[in-house]
Amino acid sequence: MFNWLKNLTAAARSGNASQRPAAVRMVRGRFDSAITSDENRRHWAYADGLSPNAALSTQVRQTLRNRARYEVANNSYAKGIVLTLAHDVIGTGPRLQMLTEDDTANRVVEEAFSDWAEAVGLADKLRTMRMARADSGEAFAILTSNPGLDTPVTLDIKLVEADQVTTPVHGLASVQPVDGIVFDAYGNPNEYHILRRHPGDVYQVGNAGSELFDRVPASSVIHYFRADRPGQRRGIPDITPALPLFAQLRRYTLAVIAAAETAADFAAVLYTDAPANGEADPVEPMDMVELERRMATVLPGGWKLGQITAEQPATTYSEFKKEILNEIARCLNMPYNVAAGNSSGYNYASGRLDHQTYFKSIGVEQAQIESAILDHVLKAWLSEAVLVEGLLPQSLRKANARFAHQWFWDGHEHVDPSKEAEAQSKRLANNTTTLAYEYARQGRDWEAELRQRAKEVALMQALGLPVTPGIQTPVTNQETENAQVDTDNE
């Protein structure tokens with residue numbers, strides 16, 4: 001082994017390439033994308049090698065936020081896409097299911113947490129945070145106490161815009177690679193600098209100093225964003241790649257409308273086929289003549305009446321909007337028919353196929369929300385709930401304890417319920433699925449659903465109603481004998 005490696009090294013150092021083993025021969029090649037030519041020089045002029053945090057400087061993030069918010073506020077498609085994304089990801093809100101061995105304790109915790117979530121508007125705040133990530137790049141939430149809540153647990157979630165998370169005074173922290181967040185030597189956030197007033201507030205007076213912001217410990221802050229590069233600490237709007245496309249769509253639409261209005265404003269023109277200085281009555285150039293409807297008139301000699309035809313919108317107008325909307329929605333993993341709110345050009349198969357990628361993307365985002373937001377909120381809620389006497393069962397009253405749990409989200413309706421029900425029945429029959437999984441796909445708790453179904457079946461049996469539509473309940477022997485006696489009497 002050693003001799004072979006020694007001979008290989010000696011051959012590699014030899015100047016004769018023909019004597020080099022094939023394993024050490026150098027192969028030279030190049031990438032066309034790495035070549036800078038006169039044709040692509042301007043296209044790649046702004047390519048840089050900045051780090052993720054240097055590229056996302058305070059000024060860059062502020063510019064992207066302002067432009068994205070402006071587009072969402074003034075573009076109906078942008079607003080609809082952001083709203084649809086928040087509604088599809090969050091829906092009516094997540095639901096907690098505890099997975100401890102004590103079923104009774106699980107139900108108590110689930111009901112108490114559900115009451116608290118409704119009191120603080122957890123679903124509404126999650127939708128706002130998802131929209132903020134789309135047009136602002138990130139969302140922050142502070143875990144605070146709110147004595148005004150009508151619940152035993154006074155924990156509350158205070159949302160903060162990304163503009164307020166910044167360090168107005170430089171040199172406050174020895175380790176601060178990112179604006180507004182202080183990290184330790186291991187890259188963990190220690191504290192956040194949050195302005196007490198929004199920098200765009202009309203009541204903001206003077207320069208923001210050390211007395212105008214709070215140092216909030218990282219344990220009380222939730223930072224929700226998507227990291228596209230390793231080491232990235234702040235986020236940019238999800239619709240950043242689509243901002244130029246939104247602008248092009250608006251400009252093109254306005255240009256088409258302007259052209260159509262211009263053509264409609266000029267009802268008709270007078271023109272002549274006579275040559276210059278030919279035989280035609282003199283007419284003042286650009287003179288206007290009012291024409292009444294349903295009335296014949298006489299034109300000057302040698303002149304003809306011509307009407308301008310409106311050539312806008314062109315036949316390619318709708319196709320252009322479709323293609324550019326499809327490109328806009330691609331950065332959000334959203335199909336065209338969802339982004340446009342129009343499925344007229346889809347059939348059953350293409351509609352289902354396009355939604356598969358979209359639903360997978362929603363599942364990934366829901367998993368991120370669970371780990372970045374919901375688990376953090378649940379931990380803080382349990383830490384305060386154990387201090388409230390009589391709220392939690394004794395088996396779960398453990399400080400800083402973590403219990404097995406899962407989150408349920410709204411399910412996605414199938415386009416063909418009968419086929420889905422048939423497939424579900426077959427999966428249950430051959431034991432390739434479980435009731436827990438099938439109910440979870442619909443965003444429902446299987447235990448709660450089975451308890452509710454048991455109550456319904458018991459009540460239907462007590463009232464003598466068929467349990468399943470079309471299937472009669474079995475009759476007793478006494479009922480059969482009574483029916484036979486009635487027949488004999490007849």
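Atom set for the values below is all heavy atoms of this structure, side chains included, hydrogens, waters and symmetry mates excluded.
- A salt bridge links Arg95 with Asp410: at least one charged nitrogen is closer than 4.0 Å to a carboxylate oxygen.
- Counting only distance, with no hydrogens or angles, the side chain of Asp214 and the backbone of Val216 share no donor-acceptor pair below 3.5 Å.
- Glu370 places none of its side-chain heavy atoms less than 4.5 Å from the side chain of Gln406.
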message: Between Asp179 and Thr166, does the side-chain hydrogen bond (donor to acceptor under 3.5 Å, both in side chains) criterion hold? Intermediate values first, please.
response: CA-CA 5 Å; Asp179 181 37; Thr166 182; 2.7 Å; yes

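- Other residues, nucleotides and ligands place no more than 12 heavy atoms under 6.0 Å from the CZ atom of Arg67.
- Remark: Asp88 does not engage Arg130 in a salt bridge, criterion side-chain N to carboxylate O under 4.0 Å.
- Summarising the geometry of His376 relative to Ala372, their closest heavy-atom pair is CB-O, 4.2 Å, with the distance given to 0.1 Å.
- Formation of a donor-acceptor pair under 3.5 Å by the Arg65 side chain with backbone atoms of Ile236 is not found in this model.
- Within the 6.0 Å centre-distance limit, the rings of Phe113 and Trp407 are counted as a close aromatic pair.
- Between Lys426 and Glu422, the closest side-chain pair of non-hydrogen atoms falls below 4.5 Å.
- Considering only heavy atoms from C-beta on, Arg234 stays 4.5 Å or farther from Asn53 through its side chain.
- In this structure, Tyr70 places its OH atom where only 12 or fewer heavy-atom neighbours from other residues, nucleotides or ligands lie under 6.0 Å away.
- With sequence neighbours left out, the side chain to side chain donor-acceptor pair (under 3.5 Å) criterion links Gln62 to no other residue.
- Ion pairing between Asp201 and Arg196 fails under the 4.0 Å rule for side-chain N and carboxylate O.
- Checking each of Leu126, Ile157, Val120, Leu382 against Val377 for a side chain to side chain contact (heavy atoms under 4.5 Å, CB included) leaves exactly one that passes, namely Ile157.
- Minimum heavy-atom separation, Pro241 to Asp238: CD-O, 3.6 Å.
- Electrostatic pairing of Glu365 and Arg226 does not count as a salt bridge here, judged by no charged N lying under 4.0 Å from a carboxylate O.
- Judged by distance alone, with hydrogens and angles left aside, the side-chain atoms of Asn106 form no donor-acceptor pair with the main-chain N or O of Gln97 at under 3.5 Å.
- Atom CZ of Arg250 is surrounded by more than 12 heavy atoms from other residues, nucleotides or ligands within 6.0 Å.
- Side-chain atoms of Asn40 come within 3.5 Å of backbone atoms of Ser37 as a donor-acceptor pair (strictly under, hydrogens ignored).
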